[in-house]
Visitor: 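My questions all concern the structure below.
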Amino acid sequence: MRFIELDSIDDERVSAYVNLTEIQLRNRLEPAKGLFIAESPKVIDRALAAGREPLSLLVEKPWLEGMADMFARIDAQWGTDVPVYVASPEQLKRLTGYRLHRGALSAMRRWPLPSVEQVCEGAHRIAVMENIVDPTNVGALMRSAAALDVDAVLVTPSCGDPLYRRAARVSMGTVFQVPWTRIDGEGKHYWPFKGLEELHSLGFTTVAMALEDDSISLDELTRRLNSDAADSQHIDKLALIFGTEGDGLSRHTIARADLTVKIPMSHDVDSLNVAASSAVAFYATRRLND
C-alpha cells in the first residue's frame with residue numbers, strides 16, 4: 001500500500017469520495033469505468049472477499065493499525081500501489097459531511113452484471129425488488145436475503161442501486177455475497193411485462209406481495225411450497241416480488257403475477273415496511289430440506 005497523508009480536503013485525488021454523486025460514480029454509459037464507495041472495514045472486507053478491486057482507500061489515522069491485515073491482503077491480491085489516503089477524523093467529517101463510526105472508505109471498481117438467467121441458474125428462492133428507491137430498504141432486504149438463504153435478488157430498472165453507499169452499508173456488505181442483477185432486458189419498460197415472462201420461462205412461480213381481495217395467506221403459500229411434488233398446487237421455484245415504499249407493486253405486476261400473497265396482521269395494521277415484510281416472507285418460505 002502507498003500511504004499518503006492529506007494536507008487538504010480539497011485534494012483532487014479524493015474527489016471520488018466527496019464530489020461525485022452516486023449516479024456519476026455508477027457511470028451508466030460506461031459501466032466498466034464505474035465506481036462504488038464501500039464504507040466501513042466490514043463492508044470493504046466483504047467486497048474484497050468477493051474479488052472486488054480496490055482503487056484507493058480513505059482512512060482515519062486512528063484506524064490504520066487495526067486494518068493492517070486488510071492492507072496485507074490487498075498487497076497480496078492487487079499489488080502494493082493501491083493508495084491509502086490518510087486523514088484526521090476532522091478532515092474526514094468535512095469530506096463526507098458526517099462523522100464516520102467506522103473510519104474507512106474505499107473506492108472500488110464496478111463489475112459487469114450477469115444476466116438474469118445466469119443469476120437464477122440453480123436457484124429455487126429469488127426476490128425481486130420493484131422500484132424500491134430508499135437505499136436503507138434496499139440494503140436491509142439484501143441483508144435479510146443473505147441471512148435467510150435467498151438464492152438471488154433481481155432489481156428492476158427504477159429500483160435503487162444495491163451498491164449505493166448507504167445500501168451497501170446497511171446490508172453489512174452482504175450485497176457482495178448474494179448474487180444479484182438488474183432485470184431490465186431492452187430497457188425500463190421490460191419490467192414487468194417481458195420480465196415476468198422471463199421468470200416464467202425459467203420455471204419460477206411469481207408471487208406478488210400485495211394486499212388484494214384474492215390474496216392467499218403467507219401460511220397457504222408455505223403449505224404449497226412444502227407440499228408433495230405430486231400435489232397440483234405444489235410450488236418448487238419461487239420468485240417473491242416486493243414493491244416500492246408507499247404505493248407498493250404496480251397494477252401491471254399484480255395482474256400478471258401467478259399469485260398475490262399477504263401477511264396476516266393484527267391491531268388494524270394494514271402494511272409492513274418492505275424491510276420487515278421481506279424478512280418475514282423469506283423466513284416463512286425458506287427451503288426446509290436444505
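Only a predicted model underlies this, so the values are computations on that prediction, with no experimental measurement involved.
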Visitor: Determine whether a donor-acceptor pair (N or O, by modelled atom type, separation under 3.5 Å) exists between the side chain of Ser144 and the backbone of Leu141.
Guide: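 Such a contact is absent between Ser144 side chain and Leu141 backbone.
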
Visitor: Sub-3.5 Å donor-acceptor pair from the side chain of Thr253 to the main-chain atoms of Leu249, do we have one?
Guide: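 Answer holds: no.
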
Visitor: Report the relative orientation of the aromatic rings in Phe71 and Phe3; use parallel for angles under 30°, tilted for 30 to 60°, perpendicular for over 60°.
Guide: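 Because their plane-to-plane angle is over 60°, the rings of Phe71 and Phe3 count as perpendicular.
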
Visitor: Under the side chain to side chain contact (heavy atoms under 4.5 Å, CB included) rule, what do Leu154 and Leu199 come out as? Steps first, then yes or no, please.
Guide: CA-CA 10 Å; Leu154 303 179; Leu199 293 181; 3.6 Å; yes

Visitor: If you look at every heavy atom in Met67 and Pro41, which pair is closest and at what distance?
Guide: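 In this case the closest contact between Met67 and Pro41 is SD-CG, 4.4 Å.
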
Visitor: Would you please test Arg224 and Asp231 for salt bridge (Lys or Arg N to Asp or Glu O under 4.0 Å) and show each step?
Guide: CA-CA 8 Å; Arg224 297 185 188 189; Asp231 189 321; over 6 Å; no

Visitor: Find the distance between OG1 (Thr156) and CD1 (Ile132) and round it off to the nearest 0.5 Å.
Guide: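 Reported value, rounded in 0.5 Å steps: 8.0 Å.
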
Visitor: When you look at Leu240 and Leu238, which way does the side chain to side chain contact (heavy atoms under 4.5 Å, CB included) test go after all the steps?
Guide: CA-CA 6 Å; Leu240 290 170; Leu238 174 68; 3.9 Å; yes

Visitor: Given 3.5 Å as the limit, does a donor-acceptor pair link the side chain of Tyr17 with the main chain of Ala107, or not?
Guide: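 Yes; judged by distance alone, with no hydrogens or angles, the pair exists.
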
Visitor: Do we see a donor-acceptor contact under 3.5 Å between the side chains of His124 and Arg287?
Guide: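 Per modelled atom types, His124 and Arg287 side chains form a pair under 3.5 Å.
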
Visitor: Against Trp180, only a single residue in Ile126, Val119, Leu163 fulfils side-chain contact (heavy atoms from CB on, under 4.5 Å); can you say which?
Guide: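 For Trp180, the side-chain contact (heavy atoms from CB on, under 4.5 Å) check succeeds only for Leu163.
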
Visitor: Can any side-chain N or O of Thr244 pair as donor or acceptor with the backbone N or O of Asn131 at less than 3.5 Å?
Guide: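 Checking the backbone N and O of Asn131 against the side chain of Thr244, a donor-acceptor pair under 3.5 Å is found.
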
